[in-house]
Amino acid sequence: MATVPSQGLQVLYTRQQIAERVAELGAQITRDLNGEKLVMVGVLKGAAPFLADLARSIQADATFDFVATSSYGKGQRTSGAVRLIKDLDESIEGKNVLIVEDILDTGLTLAYLRKLLLQQRPKTLRIVTLLDKPSRRIEKIEPDYVGFSIPNLFVIGYGMDYAERYRNLPDICLMTPDHPE
Ligand code: IMP
Ligand code: MG
């Protein structure tokens, strides 16, 4: 694994690796759409960079919407409870919807969102997550598209945070327990 000397962080996936995988996901999603329209629903805030890049790899008539759920708290631990902070702006009834998430961990967030969005009767509801930590799953969720499957590591960068910091790192890095705050 490479190191970013300026921040002393270990890089798990470089910006080039991310870009290549995002392009592959976009091509796959484009094929599966069969020329139909798409509503991309980003989960704020972490999925924003991923959605922006993925959207430009998808060749389809696409619109954006965003939802926000209660966050992980300030550290690396979850409270377990998921709450909606920001709802969709537009109805998704009868539409092809793609939930865009940065990282799938326990599955509590996506299980909650999937149930909530299905109540609006979309035509299709698919899930893309850039990262998947299957070993931590509590709720059964099978994402339709996964960028990278990773072990139980805490990651930051490319949208993902530790206490709201590091979202703007261009690479996906490891948050080690001994990293200075
Ligand atoms: P879940 O509800 O446990 O699946 O967690 C989903 C959310 O937790 C993700 O959308 C992230 O915002 C956050 N999260 C989970 N693992 C990490 C991580 O390693 N780094 C940063 N955020 C994480
Ligand atoms: Mg997230």
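In each ligand, atom 1 is the first atom listed, and ligand 1 is the first ligand listed. FYI, the numbering just counts along the sequence from 1.
- Near Thr106, the atoms of ligand 1 lying under 4.0 angstrom from a non-hydrogen atom of the residue are 1 (P), 2 (O), 3 (O), 4 (O).
- Atom NZ of Lys37 has 12 or fewer heavy atoms from other residues, nucleotides or ligands within 6.0 Å.
- In this structure Phe66 satisfies the ring pair (Phe, Tyr, Trp, His ring centres under 6.0 Å) test with no other residue, sequence neighbours excluded.
- Residue-to-ligand polar distances place Val155 within reach of ligand 1: an N/O pair is separated by less than 3.5 Å.
- Nearest-residue assignment for atom 18 (C) of ligand 1 (options Tyr166, Tyr162, Tyr112, Phe154; heavy-atom criterion): Phe154.
- Close approach to Gly107 involves these atoms of ligand 1, each under 4.0 Å from a residue heavy atom: 1 (P), 3 (O), 4 (O).
- Residue Lys133 approaches ligand 1 through these ligand atoms, each under 4.0 Å from one of its heavy atoms: 16 (N), 17 (C), 18 (C), 19 (O).
- The environment of Gln59 atom CD is sparse: at most 12 non-hydrogen atoms of other residues, nucleotides or ligands sit within 6.0 angstrom.
- Applying the salt bridge (Lys or Arg N to Asp or Glu O under 4.0 Å) test to residues at least two apart or on different chains, the pairs with a partner in residues 47-58 are Asp53-Arg56.
- Every atom of ligand 1 is numbered from 1 in the order shown, and the set under 4.0 Å from a heavy atom of Leu153 is 19 (O).
- Using a 30° and 60° split on the angle between ring planes, Tyr158 and Phe50 fall in the tilted class, from 30° to 60°.
- Panel note: side chain Arg21, backbone Gly147; a donor-acceptor pair is recorded below 3.5 Å.
- Contacts between Asp102 and ligand 1 below 4.0 angstrom, taking non-hydrogen atoms only, involve the side chain exclusively.
- Neither the backbone nor the side chain of Met175 comes within 4.0 Å of ligand 1, counting heavy atoms alone.
- Of all atoms in ligand 1, numbered sequentially from 1 with element shown, those under 4.0 Å from a heavy atom of Thr109 are 1 (P), 2 (O), 5 (O), 6 (C).
- Atoms of ligand 1 lying under 4.0 Å from any heavy atom of Asp161, numbered from 1 in the order shown and given with element: 21 (C).
- The existence of a salt bridge linking Lys95 and Glu90 is excluded, since no basic side-chain nitrogen approaches an acidic carboxylate oxygen closer than 4.0 Å.
- Contact of the Asp65 side chain with the Lys86 side chain is registered, since non-hydrogen atoms from C-beta on lie closer than 4.5 Å.
- Which parts of ligand 1 touch Glu101 is read off a 4.0 Å heavy-atom cut-off, strictly below it: atoms 10 (O).
- At a heavy-atom cutoff of 4.0 Å, ligand 1 is contacted by no atom of Arg136, backbone or side chain.
- Minimum heavy-atom separation, Asp105 to Arg137: O-NH1, 3.1 Å.
- Taking a 4.0 Å cut-off on heavy atoms, Ile103 registers as neighbouring ligand 1.
- For Arg137, the heavy-atom gap to ligand 1 stays at 4.0 angstrom or more.
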